[in-house]
There are 2 protein chains.
Amino acid sequence: MDSAPPTPPSSPPSSPWLPFESRRRARDEKREAVLRAAVQLFLEQGYHRVTLNEVAERLNITKPALYNYFRGKDEILFECWSMGAELVDSVITEINAGSGSGLARLRKLVHAYAALMATDFGASLVRFDLRDLTERNAAVARAAKKRIDATFRDYIAAGMADGSIKACDPKLAAFAIAGSLNWIGHWYRRDGGLSPAAIADEFTARLTEGLAAVGPQHTIKKTPGAPRRRNPRRKTTGKKRTGEGTR
Amino acid sequence: MDSAPPTPPSSPPSSPWLPFESRRRARDEKREAVLRAAVQLFLEQGYHRVTLNEVAERLNITKPALYNYFRGKDEILFECWSMGAELVDSVITEINAGSGSGLARLRKLVHAYAALMATDFGASLVRFDLRDLTERNAAVARAAKKRIDATFRDYIAAGMADGSIKACDPKLAAFAIAGSLNWIGHWYRRDGGLSPAAIADEFTARLTEGLAAVGPQHTIKKTPGAPRRRNPRRKTTGKKRTGEGTR
DNA sequence: ACTTTTTCTTACCTGCGGGTAATATATCGG
DNA sequence: CCGATATATTACCCGCAGGTAAGAAAAAGT
């Protein structure tokens with residue numbers, strides 16, 4: 001809207017960094033705008049059916065302009081995917097920073113992950129085909145996926161160790177839970193009557209009730225801390241930037 | 001192997017139907033061979049990366065020969081998908097024909113469905129993008145998916161009605177279970193140390209243990225009929241044929 | 001006001017892959 | 001052995017979408 005720069009033109013040239021910074025910012029904002037438009041189209045129509053012309057058109061520019069920000073179509077796909085991965089990563093670091101039993105952590109992860117699957121960048125994690133990426137980028141993506149999967153298993157294993165989760169095969173249990181969550185990304189529609197929060201709550205309960213240990217402590221049903229209300233929302237901080245030049 | 005027709009050439013022309021039938025059979029077998037080759041390649045590399053030349057090459061023929069059996073690439077995709085759908089349908093009819101509580105039926109369905117996801121045609125149900133189909137075929141596929149989803153919900157609702165399943169939202173519970181199962185189609189690898197039977201058993205237990213009613217009757221842990229052993233395997237009959245000519 | 005750098009556009013190239021036409025070859029019925 | 005039918009091949013078309021080159025337009029720096 002407002003075109004006034006942070007440093008008005010009348011001010012002395014004391015700080016030439018700010019305009020420089022603002023230029024960089026503008027560029028990154030445009031980059032992100034491209035990603036937002038692209039991820040939306042990719043999810044709507046599928047990567048292969050979306051042309052770069054369409055992406056550009058939606059941004060009121062033309063195709064070659066995109067090449068100022070990205071090397072090619074596959075890099076756009078990868079960056080979309082990365083956005084989602086960063087969101088998950090920040091969720092995980094946050095949970096790891098906190099405390100709680102294995103079961104409690106697993107519940108937090110399930111809740112946050114479920115909500116993430118209802119976002120564009122979150123869904124892109126499970127709806128994009130990694131085979132569309134360059135081998136290099138695909139390797140990065142595979143590694144990230146592996147880390148996420150390992151986190152699920154770790155929480156389950158930790159829960160078994162601390163007695164909050166009953167004995168089971170962590171690998172298969174993680175597959176079952178993660179699969180259920182990942183599938184949200186395939187069926188969730190914004191106009192579908194089910195709010196992300198409701199889905200997250202329900203899945204948290206449904207997916208962990210079978211795992212809770214029944215022997216030592218009594219069956220845990222709702223979140224132990226807040227008896228009735230669930231966590232309203234969790235602010236997903238993040239937004240790192242890679243800073244890798246285009247040319 | 002053996003090329004001798006059912007009616008040897010020396011016999012009188014009393015039954016000209018058999019050679020005709022055998023011709024038809026040969027044709028259908030080739031059609032199916034195309035589908036088997038195609039589904040494998042589609043799963044391996046992804047639909048868009050597979051060329052018809054590759055499909056043909058794997059069958060030791062050339063691309064245009066495929067057009068004797070299918071209208072085009074998308075029809076091949078659809079027929080692969082249909083093979084999977086027919087397998088699920090036959091599983092469902094079999095379960096519906098039998099008896100058992102809602103929970104028991106749900107368990108049967110989960111078990112059979114999990115095993116199916118470890119097959120090529122089963123996986124094609126969840127790994128192919130319906131948007132690659134013509135609108136007409138996509139509508140058929142959507143309807144089939146809806147029927148399958150409805151079956152999950154029906155079993156859960158029936159279980160709640162007969163007391164074998166505790167109160168829950170059938171829609172979300174079905175999503176959670178089906179999602180977990182569908183995801184198998186994405187991660188299962190034949191060379192991955194986990195046998196389909198083991199996966200099916202584990203998922204059957206894991207996905208239904210949280211749903212079993214604990215109030216009225218005692219907790220149901222294993223299958224109620226057979227106390228220790230689970231169903232070893234279920235023969236998936238089926239293999240209907242559409243019989244729609246190409247030209 | 002001039003130059004320089006960044007950003008964007010118009011016009012084009014190019015390869016790939018689905019699909020088709022014309023034609024050859026095997027198979028079948030007689 | 002001969003025509004008819006199905007089945008396969010070789011050669012081709014062509015539309016599309018990713019990517020590029022060259023230059024205009026806009027900003028930034030001085």
Side-chain angles (χ1 to χ4, degrees), chain A residues 3-9 11-31 33-34 38 41-42 45-57 59-77 132 134 245-247, chain B residues 3-9 11-31 33-34 38 41-42 45-57 59-77 132 134 245-247:
Chain A
S3 64
T7 42
S11 72
S14 59
S15 58
W17 300 312
L18 277 192
F20 177 83
E21 264 296 314
S22 94
R23 256 180 91 92
R24 237 187 82 94
R25 265 188 65 88
R27 191 185 161 80
D28 284 357
E29 270 164 28
K30 286 185 191 169
R31 236 182 99 96
V34 173
L41 284 169
F42 289 165
Q45 313 179 27
Y47 177 68
H48 293 283
R49 275 172 295 278
V50 175
T51 71
L52 289 185
N53 278 321
E54 287 178 272
V55 176
E57 196 178 3
L59 294 161
N60 296 315
I61 56 176
T62 56
K63 175 177 59 170
L66 295 173
Y67 284 82
N68 281 318
Y69 303 101
F70 301 95
R71 265 202 234 290
K73 196 186 182 188
D74 64 286
E75 189 178 296
I76 297 181
L77 185 72
D132 288 320
T134 61
T246 310
R247 287 232 167 141
Chain B
S3 64
T7 42
S11 74
S14 60
S15 57
W17 300 311
L18 278 192
F20 177 82
E21 264 296 313
S22 95
R23 256 181 92 93
R24 236 188 81 96
R25 264 189 65 89
R27 190 186 162 80
D28 284 356
E29 270 165 26
K30 286 186 190 168
R31 236 183 99 96
V34 173
L41 284 169
F42 289 166
Q45 312 180 27
Y47 177 69
H48 293 283
R49 274 171 295 278
V50 175
T51 72
L52 289 185
N53 278 321
E54 285 178 275
V55 176
E57 195 179 3
L59 294 160
N60 295 317
I61 57 177
T62 56
K63 175 177 59 170
L66 295 173
Y67 284 83
N68 281 318
Y69 303 101
F70 301 94
R71 264 202 234 291
K73 197 186 182 188
D74 64 287
E75 189 178 297
I76 297 181
L77 185 72
D132 288 319
T134 62
T246 311
R247 289 237 163 134

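Every chain is numbered from 1, with letters handed out A, B, ... down the list of sequences. We use all heavy atoms of the structure for the numbers below, so side chains are in, but hydrogens, waters and symmetry mates are not.
The CG atom of A:L52 sits 11.5 Å away from the OG1 atom of A:T62 when rounded to the nearest 0.5 Å.
Side-chain proximity of A:R27 to the nucleotides C:dT7, D:dT10, C:dT10 is greatest for C:dT7. Counting only heavy atoms from C-beta on, A:A65 has its side chain closest to C:dT9 among D:dT7, C:dT7, C:dT9.
In this entry the distance linking CD1 of B:I61 with P of D:dA6 reads 18 Å, nearest Å. Rounded to a whole Å, the CD atom of B:E57 is 12 Å from the P atom of D:dT9. Atom pair B:L59:CG and D:dA8:P shows a separation of 10 Å (rounding to whole Å applied). As a whole-Å value, the separation of B:F70 CZ from C:dT20 P is 16 Å. What separates CG of A:N68 from C1' of D:dA21 is a distance of 14 Å, to the nearest Å.
Between A:V55 and A:K73 there is no side-chain heavy-atom pair separated by less than 4.5 Å. With contacts defined as side-chain heavy-atom distances shorter than 4.5 Å, the pair A:Y47/A:D74 qualifies.
Between B:T62 and D:dA8 there is no side-chain polar atom (N or O) within less than 4.0 angstrom of OP1 or OP2. The side chain of A:K30 contributes no N or O atom lying less than 4.0 Å from OP1 or OP2 of C:dT7. Residue A:Y69 places none of its side-chain N or O atoms closer than 4.0 Å to OP1 or OP2 of C:dT7.
Residues passing the side chain to side chain contact (heavy atoms under 4.5 Å, CB included) test with B:K30 are B:Y69, sequence neighbours excluded.
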Strictly under 3.5 Å: I want the nitrogen or oxygen pairs between protein and nucleotides 17-19 of chain C, one per line.
from, atom 1, to, atom 2, distance (Å)
C:dG18, OP1, B:V50, O, 3.3
C:dG18, OP1, B:K73, NZ, 2.8
C:dG18, OP2, B:L52, N, 2.9
C:dG18, N7, B:K63, NZ, 3.1
C:dG19, OP2, B:Y67, OH, 3.0
C:dG19, OP2, B:K73, N, 2.9
C:dG19, O5', B:Y67, OH, 3.3
C:dG19, N7, B:K63, NZ, 3.1
C:dG19, O6, B:K63, NZ, 2.7

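Taking all atoms of both residues into account, the shortest heavy-atom contact from B:L41 to B:V50 is O-CG2, 3.4 Å.
Side chain of B:E75 to main chain of B:G72: no donor-acceptor pair is present (N/O by atom type, distance under 3.5 Å, no hydrogens or angles).
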